[in-house]
Number of protein chains: 2
Amino acid sequence: MELAAAKLKFIEAWGKLGSEWGINRTMAQVHALLLISPEALTTEEIMEQLSISRGNANMTLRDLIGWGLIEKQHKAGERKEYFFADKDVWNIARQVAKERKKRELEPILKVLSELSHVAGDEKDPEFKTFKKSITDINKLAGNVDKTLETMLKAEESWFWGSVLKVFK
Amino acid sequence: MELAAAKLKFIEAWGKLGSEWGINRTMAQVHALLLISPEALTTEEIMEQLSISRGNANMTLRDLIGWGLIEKQHKAGERKEYFFADKDVWNIARQVAKERKKRELEPILKVLSELSHVAGDEKDPEFKTFKKSITDINKLAGNVDKTLETMLKAEESWFWGSVLKVFK
DNA sequence: TTAAAGTTTCAAAAATTATTGAAAATTTAT
DNA sequence: ATAAATTTTCAATAATTTTTGAAACTTTAA
């Protein structure tokens with residue numbers, strides 16, 4: 001396969017994966033494009049390569065900055081802004097984990113802990129089943145939270161070394 | 001909080017979390033409802049409780065069966081079908097992990113391994129950057145795959161015991 | 001058989017989400 | 001200050017996803 005074709009295939013696959021995981025397809029594609037670009041790109045170049053509008057490019061780039069996945073770059077003597085992606089895949093994974101933990105896991109943990117305090121009749125099957133499910137989900141989510149917490153602080157090789165060694 | 005209000009809150013929160021993770025909100029809500037129901041429910045009851053149409057209920061229930069999260073139950077002397085959810089939260093986690101691994105991780109691993117064989121000029125920065133990103137993502141995805149593989153076979157207490165002990 | 005009960009399908013409608021594009025705002029060089 | 005270059009905003013439009021509901025289909029009891 002040609003490099004050009006391979007790039008397109010990667011951008012397409014990354015976009016599809018993103019959309020399956022609740023991430024806007026275009027956002028995942030812009031990220032993919034920047035991930036495989038040795039140089040920082042301008043908004044124009046991104047619009048051109050992905051056939052998207054200026055408005056879409058601008059908002060998507062802003063979101064990617066909000067996720068901590070890309071940064072703006074100023075080139076001396078140039079008026080235009082350039083964008084480049086952190087290429088360290090472990091950083092990317094940690095950054096995504098960090099954001100989704102904050103945006104999604106923590107809010108649901110909050111709801112679950114409220115719900116686990118609901119009082120009721122221990123003889124009522126409705127109550128018992130509710131309480132058990134909430135408690136169990138709460139515990140699992142707590143374990144996930146702790147594991148992510150560790151991951152966020154960890155070096156990649158140590159993390160996978162530890163995890164995979166345990167499971168050998 | 002009343003049990004009735006707590007149930008609604010859980011169903012809503014579970015639906016929201018689902019939609020943030022690429023799972024149809026209604027599907028997550030039906031799953032939530034069955035998770036906290038001590039008894040199996042009929043399509044009618046589910047339609048009623050969540051205010052959804054028959055068609056929607058039917059398709060959603062079929063999808064949930066496809067994900068291995070709920071089952072049909074026949075009651076002796078009854079014409080109607082009943083549905084109930086596996087209440088074991090570790091089973092649920094494994095089942096979701098198993099399906100998403102099969103539906104999403106494996107296809108992307110396949111693409112990545114094809115892309116990591118693209119040949120090119122090692123002096124070309126375009127090629128080098130592409131190759132490095134693909135290779136790194138491929139490695140990370142491989143580690144995730146191995147970890148999931150272990151999780152799928154593991155007992156809950158052993159799994160979290162091992163993982164959290166390492167990270168203490 | 002027949003018909004009532006229950007389930008499934010799927011085209012059309014509704015709801016949601018993403019994208020466009022042009023105007024407004026901002027920045028920078030002169 | 002002026003104006004050209006660039007970025008941002010956001011109402012309107014388009015695309016996608018979800019839901020509805022009624023007809024078709026299936027199952028079962030008599």
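Owing to the predicted nature of the structure, the values given are computational and were not obtained by experimental measurement. Each chain gets a letter, A, B and so on, in the order its sequence line appears, and its residues count up from 1.
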Nearest-Å distance for atom pair [atom1]/[atom2], residues [X] and [N]:
{"X": "B:Ile46", "N": "D:dT19", "atom1": "CD1", "atom2": "C1'", "answer": "16 Å"}
{"X": "A:Glu20", "N": "D:dT16", "atom1": "CD", "atom2": "C1'", "answer": "15 Å"}
{"X": "B:Leu64", "N": "C:dT8", "atom1": "CG", "atom2": "P", "answer": "14 Å"}
{"X": "A:Met47", "N": "D:dT8", "atom1": "CE", "atom2": "P", "answer": "13 Å"}

Discussion item. It should be established whether B:Asn58 places a side-chain nitrogen or oxygen under 4.0 Å from OP1 or OP2 of nucleotide C:dT8.
Written reply: yes
Practice prompt. Quick one: which residue pairs count as a side chain to side chain donor-acceptor pair (under 3.5 Å) with a foot in residues 101-110 of chain B, not counting sequence neighbours?
Written response: A:Trp21-B:Glu104, B:Glu99-B:Arg103, B:Arg100-B:Glu104, B:Lys101-B:Glu106, B:Lys101-B:Asp145, B:Lys101-B:Glu149
Answer yes or no: is there a donor N or O on one side and an acceptor on the other, between the side chain of [X] and the main chain of [Y], under 3.5 Å?
{"X": "B:Glu114", "Y": "B:Val111", "result": "no"}
{"X": "A:Trp90", "Y": "A:Ala154", "result": "yes"}
{"X": "B:Ser37", "Y": "B:Ala40", "result": "no"}

Item to complete: Please list residues of residues 7-16 of chain B whose heavy atoms come under 4.0 Å from any atom in DNA chain D, ordered by number; otherwise none.
Response: none
Item to complete: Apply side chain to side chain contact (heavy atoms under 4.5 Å, CB included) to A:Asn138 and list each qualifying residue two or more places apart in sequence or on a separate chain.
Response: A:Leu109, A:Leu112, A:Ser113, A:Ser116
Worksheet item: Along nucleotides 16-21 of chain C, 5' to 3', which nucleotides get a B, which get an S, and which get a -, given that the test is a protein heavy-atom distance under 4.0 Å?
Response: --SSBB
If you measure from the Lys or Arg side-chain nitrogens to the Asp or Glu carboxylate oxygens, is any gap between [X] and [Y] under 4.0 Å?
{"X": "A:Glu2", "Y": "A:Lys7", "result": "no"}
{"X": "A:Glu44", "Y": "A:Lys80", "result": "no"}
{"X": "A:Glu12", "Y": "A:Lys16", "result": "no"}

Discussion item. Any residue in residues 69-82 of chain B with a heavy atom nearer than 4.0 angstrom to DNA chain C? Just list them by number, or reply none.
Written reply: B:Lys72, B:Arg79, B:Lys80, B:Glu81
Fill in: Qualifying residues under salt bridge (Lys or Arg N to Asp or Glu O under 4.0 Å), relative to B:Lys132, sequence neighbours excluded
B:Asp136
Worksheet item: Could you state the interatomic distance from OG (B:Ser53) to CE (B:Met59), rounded to the nearest 0.5 Å?
Response: 10.0 Å
Discussion item. Are more than 12 heavy atoms, taken from residues, nucleotides or ligands other than B:Lys87, located less than 6.0 Å from that residue's NZ atom?
Written reply: yes
